[in-house]
Amino acid sequence: VMIPYIPEPAIRVGSRSLSPFAITAVAAVLTSLWGILRRSHKLGVSVEEMFRLWFFMYIGAMVGAHLYKVLVDDNAHSTLDFATLLRYHGLSSAGAFSGGLCAGLIWCGYKRLSAIEILRRVDIAAFVIPLAFMIGRLGCALTHDHIGRASSSWLAVDFPTGPSFDLGLIEFLFLAGVAILFYLLDLRPRPAGFYLGSFGILYGAFRLWLNALRTEPEYVYGMASVVTGICICVVIGLRSQPSRDGKASRASVTSHRP
């Protein structure tokens, strides 16, 4: 018993055909914007400011996704010229996360925000990431563009060429679970940075596990994500310790749904 194969759906608008991945990618971007602005309003953070931060992180994510794909994933290029660097080779989720986070930190640094204010703003984005990225991964599952190693496991898809793991589908299911988990965790107040650190640990550990299903494993991204998440959680824990006068540190400022 395994997951049945469903061919990529053909979506036509007039005389033009649309890729399911393109549709879900646009939906993921819009969902991230909607989620970030909605949560910013609820947490009392300037919506206009968060829109600028979102835009800067989006540009950083797109640049990072492209450069990571060219420089790391497609390292078979013996020569890397300017034309190759500009040519579209696809997008990398590892580069998108890294580029978006770096761009967000640069923007916060430019605004000279304090450490706790940086954590608050980046944590808002981290809370929305599982839901938005889940929608994007749905496009990967529909187009079957991340096929793993052959297997007869119940998690495998019965492709016409033989049963194999569909990594996009597996990641879609994982991210759906994380989105639900974050919603439940948000029923109680959490320290600023909680979701950023938690997502780093959970997603990094998942990527390390996913390597067992890949035809070409890569461990650097998963390890870096786990280590970053652990460091963030340690910093939150240290800053949340009561001070000598018995009062909690400012880092204990919480993020929760009103």
Side-chain angles (χ1 to χ4, degrees), residues 32 35-36 39-40 42-45 50 53-54 56-57 60-61 64 68 72 93-134 171 174-175 177-211 217-257:
S32 69
I36 287 175
R39 189 165 177 82
S40 301
K42 288 186 174 183
L43 298 181
V45 178
M50 284 303 300
L53 174 59
W54 170 86
F56 204 71
M57 292 181 70
Y68 194 98
V72 179
S93 59
F97 284 134
S98 303
L101 179 59
C102 290
L105 294 177
I106 292 173
W107 186 90
C108 291
Y110 174 75
K111 291 294 182 178
R112 297 183 178 180
L113 300 177
S114 64
I116 185 61
E117 290 301 320
I118 292 175
L119 279 177
R120 288 186 66 199
R121 284 156 177 77
V122 179
D123 207 44
I124 290 174
F127 180 84
V128 179
I129 282 177
L131 176 61
F133 197 44
M134 176 198 73
E171 189 161 338
F174 167 77
L175 290 167
V178 175
I180 295 173
L181 175 63
F182 277 16
Y183 178 85
L184 296 176
L185 289 172
D186 200 44
L187 295 176
R188 296 182 59 183
R190 305 292 171 181
F194 173 83
Y195 296 103
L196 179 62
S198 299
F199 184 75
I201 295 173
L202 292 173
Y203 188 69
F206 168 77
R207 288 295 293 247
L208 291 174
W209 172 81
L210 197 67
N211 279 320
E218 57 88 17
Y219 297 94
V220 175
Y221 177 55
M223 287 298 299
S225 181
V226 170
V227 171
T228 302
I230 291 175
C231 290
I232 292 172
C233 290
V234 169
V235 170
I236 294 173
L238 292 176
R239 291 181 62 88
S240 299
Q241 294 296 322
S243 59
R244 293 181 179 180
D245 60 1
K247 296 181 180 180
S249 166
R250 287 175 55 195
S252 61
V253 175
T254 55
S255 59
H256 64 283
R257 252 189 339 273

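Here the structure is a predicted model, which means the values were calculated and not measured.
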Enumerate donor-acceptor pairs with a distance under 3.5 Å from any side-chain N or O in residues 220-233 to protein atoms, sequence neighbours excluded.
{"from": "Ser225", "atom 1": "OG", "to": "Gly200", "atom 2": "O", "distance (Å)": "2.8"}
{"from": "Thr228", "atom 1": "OG1", "to": "Ala224", "atom 2": "O", "distance (Å)": "2.7"}

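Atom CZ of Phe206 and atom CG of Leu208 lie 10.5 Å apart (nearest 0.5 Å). How far CG of Leu53 is from CZ of Arg121: 8.5 Å, rounded to the nearest 0.5 Å. Rounding to the nearest 0.5 Å places CD1 of Ile201 at 10.0 Å from CG of Leu196. Residue Leu175 holds its CG atom at 11.5 Å from CD1 of Ile180, rounded to the nearest 0.5 Å. The line from CD1 of Ile129 to CG of Leu131 is 11.0 Å long, rounded to the nearest 0.5 Å.
Minimum heavy-atom separation, Leu210 to Glu171: CD2-OE1, 4.1 Å. Of all heavy-atom pairs between Ile116 and Ala192, the closest is CD1-CB, 3.8 Å. Contact record, Ala125 with Met57: CB-CE, 4.2 Å, taken as the closest heavy-atom pair. Considering every non-hydrogen atom in both Pro130 and Val178, the closest pair reads CG-CG1, 3.7 Å. Residues Met50 and Ser40 approach most closely at CG-OG, 3.0 Å, considering heavy atoms.
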Give the C-alpha distance, both sets of side-chain angles, the deciding distance and a yes or no for side chain to side chain contact (heavy atoms under 4.5 Å, CB included) between Arg39 and Phe127. CA-CA 9 Å; Arg39 189 165 177 82; Phe127 180 84; 3.5 Å; yes
Pair Tyr68, Ser98 - check side chain to side chain contact (heavy atoms under 4.5 Å, CB included), show working. CA-CA 9 Å; Tyr68 194 98; Ser98 303; 5.6 Å; no
Assess the residue pair Ser93 and Arg207 against the criterion (side-chain hydrogen bond (donor to acceptor under 3.5 Å, both in side chains)); give the C-alpha distance rounded to whole Å, side-chain angles, the decisive distance to 0.1 Å, and a yes or no. CA-CA 11 Å; Ser93 59; Arg207 288 295 293 247; 3.2 Å; yes
Please report the C-alpha distance between Arg120 and Ile124 in whole Å, then the side-chain angles of each, then the deciding distance to 0.1 Å, and finally whether the side chain to side chain contact (heavy atoms under 4.5 Å, CB included) criterion is met. CA-CA 6 Å; Arg120 288 186 66 199; Ile124 290 174; 5.7 Å; no
Stepwise side chain to side chain contact (heavy atoms under 4.5 Å, CB included) test for Leu119 and Phe194: CA-CA 9 Å; Leu119 279 177; Phe194 173 83; over 6 Å; no
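Classification of the Phe199-Tyr203 ring pair by plane angle, with boundaries at 30° and 60°, yields parallel.
A heavy-atom distance below 4.5 Å is found between the side chains of Asp186 and Tyr195. With a 4.5 Å cut-off on side-chain heavy atoms, Leu202 and Phe182 count as touching. Annotation: side chain of Met134 is not in contact with side chain of Phe174 (no heavy-atom distance under 4.5 Å). Residues Leu113 and Trp107 form a side-chain contact, since some pair of their non-hydrogen atoms from C-beta on lies under 4.5 Å apart.
Under a 3.5 Å cut-off, the side chain of Asn211 and the backbone N or O of Pro217 do not form any donor-acceptor pair.
Take Ile106 and apply the side-chain contact (heavy atoms from CB on, under 4.5 Å) test, not counting sequence neighbours, and it matches Phe56.
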